[in-house]
Chemist: 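Quick one: the structure is below, questions incoming.
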2 protein chains.
Amino acid sequence: MSTRERLIDATRELLWERGYSATSPRDILDRADVGQGSMYHHFSGKAALALAVIEGNRDAMISAGEDTLGGSGTAFERISGYLLRDRDALKGCKMGRLTEDSEVMENDALRQPVHETLLWYRERLTALLEEGQRDGEFRASFVPADVAAAIVATLQGGYVLAKADNSVAPYSAAIAGVLELLAAQRVDSGS
Amino acid sequence: MSTRERLIDATRELLWERGYSATSPRDILDRADVGQGSMYHHFSGKAALALAVIEGNRDAMISAGEDTLGGSGTAFERISGYLLRDRDALKGCKMGRLTEDSEVMENDALRQPVHETLLWYRERLTALLEEGQRDGEFRASFVPADVAAAIVATLQGGYVLAKADNSVAPYSAAIAGVLELLAAQRVDSGS
DNA sequence: GTCTATAATTGGATAGAC
DNA sequence: GTCTATCCAATTATAGAC
């Protein structure tokens, strides 16, 4: 693995674990086992390195999302597959956590890929819910864009609850809760 | 207002705006318009000052929650009143944001009041949803503790979406979405 | 109780050897 | 391309005057 790749990987891990502000160049160099000069040879500084990482995360997350949400099965099956995907809830979302990092939110270049990722998920879920309503799978009694936002928010908020509780239990409960409510929207749900 | 109170207020604002790690003693002293020595006279350091603030936030948030969730009206009315309460979504939750601050989560004393606050809300909403099911207001087709976690998570995640979008729109959509799903659980909802 | 001065450490970046 | 040495500012805390 190249020095550049080692820098990217170390930064990716640290941004996930501690965020941007709390990650120092020294932390990155120690974890990548690289000298001071190498980082400033490959990148103009900490912000440029972080930007490369965050843009890579955006691409990977959108790709993974399309694999799950654009797969086969009913809309409900695809959404529940997405929500129940195996995750380390105590680590949280590598994108979502950056929204609580002021330094990231105040830097338009860094905020942009975070924005694009979460927007993509809301839009993709909106399209899937609309499809479900059109096909008669779901009742027409909810607004797809609203429920899409609620689904993404439940995931993001589930991580918040897990971290506060130092336990995955409230994350799992939140996911289960939104699925129970969504299941009741299926026309064959018997309600 | 006493020097001590000014220190507390300045710290409360800064913890909400930037979190704990990104707030320096100097930031606090500047905003409180207090000299270096005063802070170390009233508190043992930054952590002790933050603890006083976070515990105060916990007490205020639980008190405000009981006012709304323990008020009059049906369970649905009280929950929608809580969710639709006027909030500055771009500022987010002063407690929730601390869960993304590693320094806070790794300090048990600081994490404890954050945990207690979010736990209290989940438990209070669970009790309210159970009450609604017992009274025949809600169907028995959902697990109260799951939906309670989903409601709190939607709020917390709604703030994440708002910050990423630099707009309150996705926050409002997420709240609307969870309310649309919950409304369908009312026995007189016609679904 | 509050102030200014200062210390020790870390954060982020640069210089220049190899 | 990578390294070590170094620089300047900011962070957190202490000392000691008033």
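As a basis for the values below, the full set of heavy atoms in this structure was taken, side chains included, without hydrogen atoms, waters or symmetry mates. Within every chain, numbering begins at 1; the chains are lettered A, B, ... in the order of the sequence lines, protein sequences first and strands thereafter.
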Chemist: With DNA chain C as reference, determine whether A:R26 or B:V34 sits nearer its 5' end, using the nearest nucleotide of each.
Modeler: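 This one resolves to B:V34.
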Chemist: One thing to verify: whether B:R26 and B:D30 come together as a salt bridge, which I'm taking to mean a side-chain N less than 4.0 angstrom from a carboxylate O.
Modeler: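 Looking at B:D30 and B:R26, the cut-off is met.
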Chemist: Identify whether NZ of Lys or CZ of Arg in B:R87 sits under 6.0 Å from the centre of the six-membered ring of B:Y82 and within 45° of that ring's axis.
Modeler: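 Satisfied, under 6.0 Å and within 45°.
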Chemist: Taking CD1 from A:I28 and C1' from C:dG12, how many angstroms apart are they, rounded to a whole number?
Modeler: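 Nearest whole value for this atom pair: 11 Å.
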Chemist: What's the CZ-P distance between B:R6 and C:dG1, to the nearest Å?
Modeler: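 So the CZ-P distance, B:R6 to C:dG1, works out to 15 Å.
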Chemist: Name the closest nucleotide to the A:S38 side chain, picking from D:dC3, D:dT14, C:dT2.
Modeler: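 Within the option list, the nearest is D:dC3.
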Chemist: Rounded to whole angstrom units, what separation is found between the CD atom of A:E5 and the C1' atom of D:dT2?
Modeler: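 Spelled out: CD on A:E5 to C1' on D:dT2 is 17 Å.
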Chemist: Rounding to an integer number of Å, can you tell me how far A:M39 CE sits from D:dA5 P?
Modeler: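 The distance from CE of A:M39 to P of D:dA5 comes to 19 Å, rounded to the nearest Å.
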Chemist: Given the rule that I, L, V, M, F, W and Y join up when any side-chain heavy atoms are under 4.5 Å apart, are B:L182 and B:V143 in one cluster?
Modeler: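 Shared cluster, no.
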Chemist: May I ask you to verify if any side-chain N or O of A:T3 is less than 4.0 angstrom from the OP1 or OP2 atom of D:dT2?
Modeler: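 Indeed, a polar side-chain atom of A:T3 lies that close.
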Chemist: Where the side chain of B:P25 is defined as all heavy atoms beyond and including C-beta, which of D:dT12, C:dT14, D:dT2 is the nearest nucleotide?
Modeler: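 Selected nucleotide: D:dT12.
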Chemist: Over how many whole Å does the gap from B:E103 atom CD to C:dG11 atom P extend?
Modeler: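 For the pair B:E103 CD and C:dG11 P, the rounded distance is 11 Å.
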Chemist: Would you classify B:T23 as touching base, sugar-phosphate or nothing, given that sugar-phosphate means primed atoms plus P, OP1 and OP2, and contacts are heavy atoms under 4.0 Å?
Modeler: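 Sugar-phosphate: the residue B:T23, judged by heavy atoms under 4.0 Å, touches backbone atoms but no base.
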Chemist: Rounded off to whole Å, could you give me the CG-to-C1' distance for the B:L29 and C:dG1 pair?
Modeler: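 In whole Å, C:dG1 C1' and B:L29 CG are 14 Å from each other.
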Chemist: From the set C:dG1, C:dG12, D:dA13, return the single nucleotide nearest to any side-chain atom of A:K46.
Modeler: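 Nucleotide nearest to A:K46's side chain: C:dG12.
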Chemist: I'd like to know if A:D9 pairs up with A:R12 as an ion pair, taking the criterion as any Lys NZ or Arg NE/NH1/NH2 lying under 4.0 Å from an Asp or Glu carboxylate oxygen.
Modeler: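 Yes, this pair counts.
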Chemist: May I have the distance from A:D27 (atom CG) to C:dG12 (atom C1'), rounded to whole angstrom?
Modeler: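 For the pair A:D27 CG and C:dG12 C1', the rounded distance is 12 Å.
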Chemist: Are B:V187 and B:F76 in one and the same hydrophobic cluster, where Ile, Leu, Val, Met, Phe, Trp and Tyr link if side-chain heavy atoms are under 4.5 Å apart?
Modeler: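 No: no chain of side-chain contacts under 4.5 Å links B:V187 to B:F76.
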Chemist: Can you tell me which nucleotide in C:dG1, D:dT2, D:dC3 comes closest to the side chain of B:H41?
Modeler: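 Selected nucleotide (nearest to the side chain): C:dG1.
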Chemist: So if I take every side-chain heavy atom of B:Y40 and compare against C:dG12, D:dA13, C:dT2, which nucleotide ends up nearest?
Modeler: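 Minimum distance to the B:Y40 side chain belongs to D:dA13.
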Chemist: Considering only side-chain heavy atoms of A:Q36, which listed nucleotide, C:dT14, C:dG12, C:dC3, is closest?
Modeler: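 Looking only at heavy atoms from C-beta outward on A:Q36, the closest nucleotide is C:dT14.
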Chemist: Whole angstroms only, please: what is the CZ-C1' distance between B:R18 and D:dT11?
Modeler: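 After rounding, the reported distance stands at 13 Å.
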